[in-house]
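Please read the structure below before turning to the comments.
A note on names: the letters A, B, ... follow the listed sequences, proteins ahead of strands, and every chain is numbered from 1. If you're wondering where the values come from, they're calculated on a predicted model, not measured in any experiment.
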Protein chains: 2
Amino acid sequence: MITIIMSYEKIDMSKASEMLREYVAKNGMRNSSQREIILSAFLSAGKHITVDELFDSIKEKNPEIGYATVHRNLRLMCNSGIADEIKIGKGKTRFEPKLDHKHHDHLVCLKCGQLTEVNDEKIEILQDKLAQANGFIPMRHKLEIYGLCKKCR
Amino acid sequence: MITIIMSYEKIDMSKASEMLREYVAKNGMRNSSQREIILSAFLSAGKHITVDELFDSIKEKNPEIGYATVHRNLRLMCNSGIADEIKIGKGKTRFEPKLDHKHHDHLVCLKCGQLTEVNDEKIEILQDKLAQANGFIPMRHKLEIYGLCKKCR
DNA sequence: TTTAGTGCAAAGGCTTTGCAGATGT
DNA sequence: ACATCTGCAAAGCCTTTGCACTAAA
């Protein structure tokens, strides 16, 4: 079955917040008000966001938060399993929420740059087989299909 | 059918050279001895190579060739269809010969970083279907499977 | 000759880090 | 109090560019 995911499901903020606290506690780290602001801004961004974009969106209400802090916390979120880092083509590194957000692949429009999330179980299964046929233990994967989107075709 | 490509087929140097000359001629560009040296070094490198690695390998015999020239010519080769740029994970940009080298996907070992090239027709077909089901015209794609290779499992 | 290519060094763009001061615990 | 986190600025790292010079055509 092919599933097309056009936009994010609502992210469970309290669960994400809890996961982050847990990770922070386990690793002898501390909480901070900035971290919560960044987490909240990231989860409500609702798209594949760059560090700059997130920084800018936070700057509006919290101009005291620095770029490095945003960057460091984004990395922390990746480590704690809340966020995923995606690098597509020559574009900047982007981040997306991982929690309550199933694995998916990306359709990338070469004209307008639109990112659409898609998923196909059959492909997932074949990918695992392909890896195993080469004595490889697959753990995760990344599929990007480049072309022209509905609007640009 | 699953095809596992462990290493490069022999690259046809004269054909690549010809293609490059053609591209150069069409675009009102000129030839240069450096370009031929870089092309030759690139084609005989026989692996996914970074600009630095290529630069270093050329430096041995031709220390007068600059980094920028290697970089510029690598880009030129991409534009002329001889090379492909690949960006995997957080690693540096790598380049690989495209000519006489079929489309393939990559298995990336998370432990040792080994890159293995693989291909599966069925996946290719499903990918096109997946894209089309979303009104998308697929043109090319990139699949990377991360995990543990034979040696590291 | 004319103009693209080269080599050097410097500038860009993004990511990461050092450090002094602020802040959780 | 003590170690982490923050904010700033500076450093890194890789890629790209400006410019005077070299060399194809």
Side-chain angles (χ1 to χ4, degrees), chain A residues 17 20-42 48-56 58-80 83-95, chain B residues 17 20-42 48-80 82-95:
Chain A
S17 184
L20 193 55
R21 276 167 191 279
E22 218 170 279
Y23 180 87
V24 160
K26 270 186 193 161
N27 292 75
M29 295 171 167
R30 290 171 189 175
N31 235 341
S32 83
S33 58
Q34 291 93 330
R35 183 165 296 156
E36 306 226 331
I37 291 167
I38 294 167
L39 173 65
S40 160
F42 172 62
H48 316 82
I49 202 169
T50 63
V51 183
D52 295 83
E53 288 166 353
L54 186 56
F55 175 64
D56 287 345
I58 289 170
K59 204 163 52 183
E60 291 169 19
K61 291 190 178 177
N62 299 86
E64 76 284 2
I65 295 181
Y67 186 94
T69 303
V70 174
H71 192 280
R72 280 189 282 235
N73 276 285
L74 229 22
R75 251 193 303 165
L76 172 64
M77 287 182 225
C78 287
N79 294 337
S80 68
D84 249 348
E85 188 179 335
I86 55 175
K87 268 196 170 176
I88 289 185
K90 293 172 192 173
K92 297 180 192 173
T93 303
R94 290 177 175 276
F95 296 85
Chain B
S17 185
L20 193 54
R21 277 167 192 279
E22 217 170 278
Y23 181 87
V24 161
K26 269 186 193 161
N27 292 76
M29 294 169 169
R30 289 172 190 175
N31 234 342
S32 83
S33 59
Q34 291 92 329
R35 183 164 297 158
E36 305 225 331
I37 291 166
I38 294 167
L39 174 65
S40 160
F42 172 62
H48 317 81
I49 202 169
T50 62
V51 182
D52 295 84
E53 288 166 354
L54 186 57
F55 174 64
D56 286 346
S57 78
I58 289 169
K59 204 162 51 183
E60 290 169 20
K61 291 191 178 175
N62 300 84
E64 76 283 1
I65 295 181
Y67 186 94
T69 303
V70 174
H71 192 279
R72 280 189 281 235
N73 277 283
L74 227 24
R75 250 193 304 165
L76 172 64
M77 287 182 224
C78 287
N79 294 336
S80 68
I82 287 172
D84 249 347
E85 187 180 335
I86 54 175
K87 268 196 171 176
I88 289 185
K90 292 171 196 177
K92 294 181 194 172
T93 303
R94 290 178 175 277
F95 295 86

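Rounding to whole angstrom units, CG of residue L54(B) and C1' of dC14(D) are separated by 15 Å. One can place CG of D52(A) at 13 Å from P of dT16(C), the figure rounded to the nearest angstrom. Here the P atom of nucleotide dT15(D) and the CD atom of E53(B) are 11 Å apart, to the nearest Å. Distance CZ (R30(A)) to C1' (dA3(D)): 4 Å, rounded to an integer number of Å. If you take CG of L76(B) and C1' of dT6(C), they are 14 Å apart, rounded to a whole angstrom. Spacing between atom CZ of F55(B) and atom P of dT15(D) amounts to 13 Å, rounded to whole angstrom units. One can place CD1 of I38(A) at 6 Å from P of dT6(D), the figure rounded to the nearest angstrom. In this structure, the CG atom of N79(A) is 11 Å from the P atom of dT16(C), given to the nearest Å.
Using a 4.0 Å cut-off, no side-chain N or O of S32(A) falls inside it from OP1 or OP2 of dT23(C). Not one side-chain nitrogen or oxygen of Y67(A) sits closer than 4.0 Å to the OP1 or OP2 atom of dT6(D). Look at H71(A) and you'll find a side-chain N or O under 4.0 angstrom from OP1 or OP2 of dT16(C). Between S33(A) and dT23(C), a side-chain N or O to OP1/OP2 separation shorter than 4.0 Å is absent. Contact between the side-chain N/O atoms of Q34(B) and the OP1/OP2 oxygens of dG7(C) is found at a separation under 4.0 Å.
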- [ ] Apply the test side-chain contact (heavy atoms from CB on, under 4.5 Å) to residues R72(B) and T69(B): give CA-CA distance (whole Å), side-chain angles for both, the deciding distance (0.1 Å), then the verdict.
- [x] CA-CA 5 Å; R72(B) 280 189 281 235; T69(B) 303; 4.1 Å; yes
Open item on the list: Is there a side-chain contact (heavy atoms from CB on, under 4.5 Å) between L74(A) and F42(A)? Walk through the geometry before answering.
Closed with: CA-CA 8 Å; L74(A) 229 22; F42(A) 172 62; 4.0 Å; yes
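Inter-residue side-chain proximity for D52(B) and Y67(B) is flagged as met; some heavy-atom pair is nearer than 4.5 Å. Counting heavy atoms from C-beta outward, N79(A) and Y23(A) have side chains that approach closer than 4.5 Å.
Of the candidate nucleotides dG7(C), dG7(D), dT16(D), dG7(C) has the atom nearest to the side chain of R72(B). Which of dC14(D), dG7(D), dA4(C) sits closest to the side chain of I65(A) comes down to dG7(D). Here the side chain of E64(B) is nearest to one of dT2(C), dT6(D), dG7(C), namely dG7(C). Across dA3(D), dT16(D), dT6(D), the shortest atom-to-atom separation from the side chain of N73(A) is found for dT6(D). In this structure, of dA24(D), dT16(C), dT17(D), it is dT17(D) that holds the atom nearest to the side chain of A68(B). Nearest to the side chain of T93(B), among dG5(C), dT15(D), dT23(C), sits dT15(D). Here dA25(D) is the nucleotide among dG7(D), dA25(D), dT15(D) with the atom lying nearest to any side-chain atom of N31(B).
DNA chain D is contacted by both M29(B) and K92(B); K92(B) maps to the nucleotide lying nearer its 5′ end (nearest heavy atom per residue).
Under the 3.5 Å distance criterion, the side-chain polar atoms of S80(B) are matched with a main-chain donor or acceptor of L76(B). Side-chain atoms of E53(B) come within 3.5 Å of backbone atoms of T50(B) as a donor-acceptor pair (strictly under, hydrogens ignored).
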